[in-house]
Chemist: 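A single structure is presented below for examination.
Computed from a prediction, not measured in an experiment: that's the story for all the values here. In what follows, chains are A, B, ... by sequence order, proteins preceding strands, each numbered from 1.
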Amino acid sequence: MHDRGARDPGQHGGRRRPDVHGRRPMTAPSRPVKTRFCPSPTGLVHVGAMRTALFNWAHARHTGGTFVFRIEDTDAARDSEESYRHLLDCMRWLGMEWDEGPEVGGPNGPYRQSERAEVYRDVAGKLLASGHAYESFSTNEEVDARRRAAGQDPKLGYDNADRHLTDAQKQAFRDEGRAPVLRLAMPDEDVVWTDLVRGEVRFAAGSVPDFVLMRGNGAPLYPFTNPVDDALMGITDVLRGEDLLPSTPRQIALYRALTDIGVAQGTPRFGHLPLVFGDGNKKLSKRDPQSNFDVYRERGFLPEGLINYLALLGWAIADDRDVFSPAELVEAFDVTRVSANPARFDLKKAEAINATHLRALPVEEFLARVTPYLATAGLVAEPPTEEQARVLEAIAPLAQERMIVLSDAVGLLGFLFTEDVEIEPAAAEKQLGAGAGEVLDAAVAALQELPEWTTPAIETALKEALVEGLGRKPRQAFGPVRVAVSGRTVSPPLYESMELLGRDRTLARLAAARATATG
RNA sequence: GCCCCCAUCGUCUAGCGGUCCAGGACGCCGCCCUUUCAAGGCGGUAGCACGGGUUCGAACCCCGUUGGGGGCACCA
């Protein structure tokens, strides 16, 4: 039962692009699957990043493999401790526990690149000694000038000119005070790989210049640290955004060099996930408010709702269903069936999915999750008083099916926990205009002397007074009353709400609304 | 400019050569239920970018065009 890790994920379904031999373009993994999520702790947590994390996590869990969490904080200028902590918090909130990583440990630590300087220095030394990497002294200006002199586009970048410098030449540069960067010598052949989501991808030989592994000051760069750590940590499957696809040839070249010197045990499989777009036709940038993961959390998206929606960005569980639990996602996830085209983040759909999860929650669970939002808004005590708890319990099932996110409860239920209600201007405009006075008067008259203050009694009294008495359509009869009592056009069921509110507050609100009603 | 990726309803997708005059979901529209708003149920709207091949047969395979996107740092 634990052989899933050795199973070829491709066998779960067909494949988009069989190769010429009719085989699925995936090599069977020689080791159990090991994936990783390796964000940089800079600024806000990005929904696109969390989607990437989710796919890596789901792939590892589905195959019975291992999920590694690594922090790529090699850029001291941009990284922050706060961002780092927040990242861990977001991962845990979504329920994506990691098997190796910060605060959890593991055999290949440390898991923060800022603590791995020696590792990089060591590997860089080996690469240099073995001839896979070399010291390069050219400045950007010099490269640029050479390209122009040759009648070429300077955008072509570095020209590999320093590959074969003699010791004397190197010494001459050093004497000038120059500190060399370390570059990897790219192989002189096409780089081809079979992408887990895109099939065969090929970059022609010579199209990727020798790139920098280490700065002149000895600081390692991302294109170097990332594959080195993946190799040392035994990562088998790299699932990342399509924006990184152009850098994959470099990674693969480095991997081959690392394998050659015994640091890596082969090259991992790559899967380039579709980008996540925002409203425009552009990938969701960090600047885009839509990309901020926190806003969804704060609004009260459920972790399972957000996971569900995020998984839908490039993947489908079945042709006739798109609501599922995290466990179902893990059970069904197949990375080879991830779509290659960009996905737009559609808030409306995300909300619809979340609302479905919200309604599916057992009432007690719903109550437990919603209460903190009411407490934060100052509507109930923390924990709620006995009386508040009674009201909450009664209203929860009725509120649950009227909400999209947990924070909706503040607006929807606030009226039950305050003395006076604040009426929304738009609601007043719609329901407290001409004709409302008559309705409110009749409602007050009917309710004032009601022998018992119960939902059925209120219902009967109101229907008699407003529908039969005034001859109004229910829609017109109850609209003004609802707004007077709850302050909004959408509320929990009216009679139940009134019962919970009590006779005094109900009558007071009807009277208050009557005073402002224009007719 | 160069390199690369992508191309099915407005959006996310199913579709892996015949079962597709293309299925689901969100949105939108309508109806029903409820003598209450919402929710729910039912129905409707709308799509294979274009042009060439290959094939008895193409949304599915190949080529091209067009369109969109991404990347081209001693950032990650």
Chemist: Categorize A/Gly216 for me: base, sugar-phosphate, or nothing, with a 4.0 angstrom heavy-atom threshold over every strand shown.
Modeler: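 Since a base atom lies under 4.0 Å of A/Gly216, the category is base.
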Chemist: Would one find a side-chain N or O of A/Arg321 under 4.0 angstrom from OP1 or OP2 of B/U13?
Modeler: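 No, A/Arg321 has no side-chain N/O under 4.0 Å of OP1/OP2 on B/U13.
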Chemist: Please state how far atom OH in A/Tyr309 lies from atom P in B/U11, giving the value in whole angstrom units.
Modeler: 12 Å
Chemist: Paired with B/G43: which nucleotide, if any, by Watson-Crick or G-U wobble criteria at under 3.5 Å for both distances?
Modeler: B/C29
Chemist: Would you kindly say whether A/Tyr120 and A/Asp229 are connected by a side-chain donor-acceptor distance under 3.5 Å?
Modeler: yes
Chemist: Write down the distance between CD (A/Glu200) and C1' (B/C62), rounded to a whole number of angstrom.
Modeler: 15 Å
Chemist: Given B/C37, is OP1 or OP2 found less than 4.0 Å from the side-chain N or O atoms of A/Ser486?
Modeler: no
Chemist: Just the rounded figure in Å: distance from P of B/U13 to CZ of A/Phe324.
Modeler: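 Distance check: A/Phe324 CZ to B/U13 P gives 12 Å.
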Chemist: NE2 of A/His46 versus P of B/A76: gap in Å, rounded?
Modeler: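 Interatomic distance, NE2 of A/His46 to P of B/A76: 18 Å.
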Chemist: Between A/Asn281 and A/Arg344, is any side-chain donor less than 3.5 angstrom from a side-chain acceptor?
Modeler: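 Indeed, the side chains of A/Asn281 and A/Arg344 share at least one donor-acceptor pair under 3.5 Å.
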Chemist: What's the CD-C1' distance between A/Gln113 and B/C75, to the nearest Å?
Modeler: 13 Å
Chemist: Please state how far atom CD in A/Glu401 lies from atom C1' in B/U36, giving the value in whole angstrom units.
Modeler: 14 Å
Chemist: At less than 3.5 Å, do the side-chain atoms of A/Arg475 and the base atoms of B/C37 form a donor-acceptor pair?
Modeler: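 No.
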Chemist: Should A/Asn341 be listed as having a side-chain N or O under 4.0 Å from OP1 or OP2 of B/U8?
Modeler: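 For B/U8, OP1/OP2 do have a side-chain N/O of A/Asn341 under 4.0 Å.
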Chemist: Over all strands shown, is A/Arg402 touching base, sugar-phosphate only, or nothing at heavy-atom distances under 4.0 angstrom?
Modeler: base
Chemist: Taking only the side-chain nitrogens and oxygens of A/Arg359, find out if one of them lies under 4.0 Å from OP1 or OP2 of B/G40.
Modeler: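 Yes, within the criterion.
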Chemist: P atom, B/C12 versus B/G68: distance in rounded Å?
Modeler: 16 Å
Chemist: Rounded to whole angstrom, note down the P distance from B/G24 over to B/U66.
Modeler: 36 Å
Chemist: Please state whether the rings of A/Tyr309 and A/Phe345 are parallel, tilted or perpendicular, taking 30° and 60° as the class boundaries.
Modeler: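 Rings of A/Tyr309 and A/Phe345: perpendicular, over 60°.
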Chemist: So what does A/Gly479 hit on the nucleic acid, given a heavy-atom distance under 4.0 Å: a base, only sugar-phosphate, or nothing?
Modeler: nothing
Chemist: Applying a 4.0 Å non-hydrogen cut-off, can you work out what A/Glu459 is touching in the nucleic acid: base, sugar-phosphate, or nothing?
Modeler: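 Contact class for A/Glu459: none.
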Chemist: Would you measure the distance from the C1' atom in B/A59 across to the matching atom in B/G23 and give it in whole Å?
Modeler: 13 Å
Chemist: With a 3.5 Å cut-off and no angle check, do the side chains of A/Ser114 and A/Asp73 form a donor-acceptor pair?
Modeler: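 Yes.
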Chemist: Just checking, is any N or O donor in the side chain of A/Arg299 or A/Ser407 under 3.5 Å from an acceptor N or O on the other one?
Modeler: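 No, no side-chain donor-acceptor contact under 3.5 Å.
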Chemist: Whether the A/Ser285 and A/His46 side chains hold a donor-acceptor pair (N or O, under 3.5 Å, no angle test) is what I'd like checked.
Modeler: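 Judged by distance alone, the side chains do not pair up.
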Chemist: From CG of A/Asn140 over to C1' of B/C74, roughly how many Å is that when rounded to an integer?
Modeler: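 So the CG-C1' distance, A/Asn140 to B/C74, works out to 7 Å.
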Chemist: Base, sugar-phosphate, or nothing for A/Asn281, non-hydrogen atoms under 4.0 angstrom?
Modeler: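 It contacts sugar-phosphate atoms only.
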Chemist: Please work out if A/Lys282 contacts a base, only the sugar-phosphate, or nothing of the nucleic acid, heavy-atom cut-off 4.0 Å.
Modeler: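 Answer is sugar-phosphate: A/Lys282 comes under 4.0 Å of backbone atoms only.
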Chemist: How far, in whole Å, is B/C50 from B/A22 if one measures between their P atoms?
Modeler: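 Going atom to atom, P in each nucleotide, I get 15 Å.
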Chemist: Could you give the distance separating B/A58 and B/U8 at their C1' atoms, to the nearest angstrom?
Modeler: 14 Å
Chemist: From NZ of A/Lys463 over to C1' of B/U35, roughly how many Å is that when rounded to an integer?
Modeler: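 The answer, rounded to whole Å, is 6 Å.
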Chemist: Under 4.0 Å: is that the gap between some side-chain N or O of A/Lys283 and OP1 or OP2 of B/G71?
Modeler: yes
Chemist: Between B/A76 and A/Arg78, is there an OP1 or OP2 to side-chain N/O distance shorter than 4.0 Å?
Modeler: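 Indeed not, no polar side-chain atom of A/Arg78 lies that close.
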Chemist: Work out how far the C1' atom of B/C21 is from that of B/G69, and round it to whole angstrom.
Modeler: 33 Å
Chemist: Do A/Thr455 and A/Glu499 get their side chains close enough for a donor-acceptor pair, meaning under 3.5 Å?
Modeler: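 The criterion, which ignores hydrogens and geometry beyond distance, is satisfied for A/Glu499 and A/Thr455.
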